[in-house]
Number of protein chains: 2
Amino acid sequence: MITISKEDYLKEIYNLSCESRAKVSTSTLAEKLSVSNAAISEMAKKLHNSGLVTYEKYKGVKLTGKGKRQALKIIRRHRLWESFLMDALGLSWSEVHAEAEKLEHQTSDFLIDRIDEYLNHPKCDPHGHPIPQRDGKIPAVPQSLNLTAAEKGNCYTIVKVVDENKELMDYLTSISIGLNTEIKLIERLSFDNSILVVIGNSNYRLSEQVASKVFVTLNRNSNE
Amino acid sequence: MITISKEDYLKEIYNLSCESRAKVSTSTLAEKLSVSNAAISEMAKKLHNSGLVTYEKYKGVKLTGKGKRQALKIIRRHRLWESFLMDALGLSWSEVHAEAEKLEHQTSDFLIDRIDEYLNHPKCDPHGHPIPQRDGKIPAVPQSLNLTAAEKGNCYTIVKVVDENKELMDYLTSISIGLNTEIKLIERLSFDNSILVVIGNSNYRLSEQVASKVFVTLNRNSNE
DNA sequence: ATACAAAGTTAAGTATACTTAAATATTTTG
DNA sequence: CAAAATATTTAAGTATACTTAACTTTGTAT
Ligand SMILES: [Mn+2]
Ligand SMILES: [Mn+2]
Ligand SMILES: [Mn+2]
Ligand SMILES: [Mn+2]
């Protein structure tokens, strides 16, 4: 049987291997999951024995096909719950992650399909992450650009935020940043890489750390 | 911290003490929770030490005020989830229990209040059970009568089903029995206590076992 | 190449929630 | 009221998922 812990490990291995592409080191995993290295070594053996990851001592772990499919299922549940809580119950994009983090482990295939239908098979969750489909395929999302790489004078549309920290989300909301918000880059300060942007009728200065979490697409009709 | 297991124990102790009023024996609990007597003895000590039940060796357990409040909270979550899954996602009354059984343990106070608001503070769940309120109070429900005690010639309205077995619920649905369905008693066979009833335009024979799970209220204008 | 620091694993121990089997209360009954 | 039957607890052991501390491997730096 796959436990809540194992689901969380698989999900994290998946997320880390998306970033780095290769095998995931046990200490990176330990860091992300807030457990000791020892706990990871132990679990790595178990997951290996269940055929969910490949694991060689001192060489890190990597999802197998089976493990990847399982991870995508959990991520699908997570993102569908987030979308559903926003849509059906009106939670905000800063509130849904914490709830989904728990509900994702207690959701039958039957229920998640009902939620998917209710939402009409959405492609993205409230933070702009693609929702894996029933068959494990990930919907194509438009190529996006990190805000730190945006250019002075251009207008962009916000399409993704890659950190679901509640404080960050609430801060973004407080300066009118949401999914699909239009944003124009006024200037970049090379001293700290902070940027000055226009959102609606107001100017805001965003730190490099904040900008690095936000992804955008360039608007065609970019010069006024 | 209160674990999923502990929540299930408290819920079951509450349900059993509603039936029997007094202390709950460890073996009855073991039976209901499908664990060994030994597991119950152990858990009884732990719950006693956390002040959730009183427990004396060989004398069974009883919820304290704190334990009862906790139990009602879990039951509230369960019944609100059942109602919500039916209302928002269109699950049937035979499907909601199994899902709620899992979700009830992973639901924040914040989320359950949102669900309660969405449903407009319902008094009863899809099986006719009262939903404990935020403050722990249980809404008054009309006095009801077991179908086994119904009298020949009378018309009744179904207000509660006290077993959430999926097969039973699906069977009831198949003979058009739902909450608020009107039903008329034609005759009772004293041989097996089975009853013949009219529902809509059809006659059905219900076994004593089935009737014993169904509760009704007498309709005022009962004779045609 | 060696030596050392960092990364990772193993060992030993803890807590939770179970099990079966043995021991001990309690209750029933002749 | 004592013996037998039944109910319940304790003892010992298992699995999961953690911990810290000791040990081993790996990679790097001179
Ligand atoms: Mn999330
Ligand atoms: Mn999780
Ligand atoms: Mn139920
Ligand atoms: Mn439960």
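In what follows, every heavy atom counts, from backbone to side chain, and hydrogens, waters and symmetry copies are set aside. Please read these numbers as outputs of a predicted model, since none were measured by experiment. All chains are named by letter (A, B, ...) in the order of the sequence lines, taking the proteins before the strands, and each is independently numbered beginning at 1.
Contact annotation: the side chain of B/H121 never approaches that of B/L119 to less than 4.5 Å [non-hydrogen atoms, C-beta and beyond]. B/H127 places a side-chain heavy atom less than 4.5 Å from the side chain of B/W93.
Taking atom CG on A/L29 and atom C1' on C/dT9, their separation rounds to 15 Å, with Å as the unit. Atom pair A/N37:CG and D/dA22:C1' shows a separation of 14 Å (rounding to whole Å applied). For B/K45 and C/dC18, the NZ to C1' distance is 14 Å, given to the nearest whole Å. Following rounding to the nearest Å, B/N49 (CG) and C/dT16 (P) show an atom-to-atom distance of 11 Å. Put simply, NZ on B/K6 is 13 Å from C1' on C/dC18, counting in whole angstrom units. For the pair A/E31 CD and C/dA6 C1', the interatomic distance rounds to 15 Å; values are reported in whole Å. Spacing between atom NZ of A/K46 and atom C1' of D/dT14 amounts to 13 Å, rounded to whole angstrom units. Going from atom CD of B/E56 over to atom P of D/dT8 covers 14 Å, rounded to whole Å.
A/A30 comes within 4.0 angstrom of no nucleic acid atom, judged by non-hydrogen atoms across all strands. Across all strands, A/T26 comes closer than 4.0 Å only to sugar-phosphate atoms, never to a base (heavy-atom distances). The residue A/S41 sits close to a base: some heavy atom pair falls under 4.0 Å. Residue A/S36 is classed as a base contact, given a heavy-atom separation below 4.0 Å to a base.
The phosphate of D/dC18 has OP1 or OP2 within less than 4.0 Å of a side-chain N or O from A/Y9. Contact annotation: B/S5 side-chain N/O to C/dT16 OP1/OP2 distance is not under 4.0 Å.
In this structure, A/L189 CG and A/N193 CG are separated by 9.0 Å, a value rounded to the nearest 0.5 Å.
In this structure, B/A38 and A/E42 both approach DNA chain D, and ranking their closest nucleotides by distance from the 5' end singles out B/A38. Of the two residues near DNA chain C, B/I4 and A/G60, the one whose nearest nucleotide lies more 5' is A/G60.
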Between B/E101 and B/K11, does the salt bridge (Lys or Arg N to Asp or Glu O under 4.0 Å) criterion hold? Intermediate values first, please.
CA-CA 11 Å; B/E101 201 61 29; B/K11 200 170 60 143; 2.8 Å; yes
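One finds a salt bridge joining B/D113 and B/R134 here, because a Lys/Arg side-chain nitrogen approaches an Asp/Glu carboxylate oxygen to under 4.0 Å. Between A/E99 and B/R114 no salt bridge is recorded (no basic side-chain N to carboxylate O distance below 4.0 Å). A salt bridge links A/E187 to A/R205: one of the charged nitrogens lies within less than 4.0 Å of a carboxylate oxygen.
Closest to the side chain of A/V35, out of D/dA17, C/dT16, D/dC18, is D/dC18.
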Which protein N or O atoms sit under 3.5 Å from an N or O of nucleotides 24-26 of chain C?
unit_1: C/dA25; atom_1: O4'; unit_2: B/Y58; atom_2: OH; d: 3.2

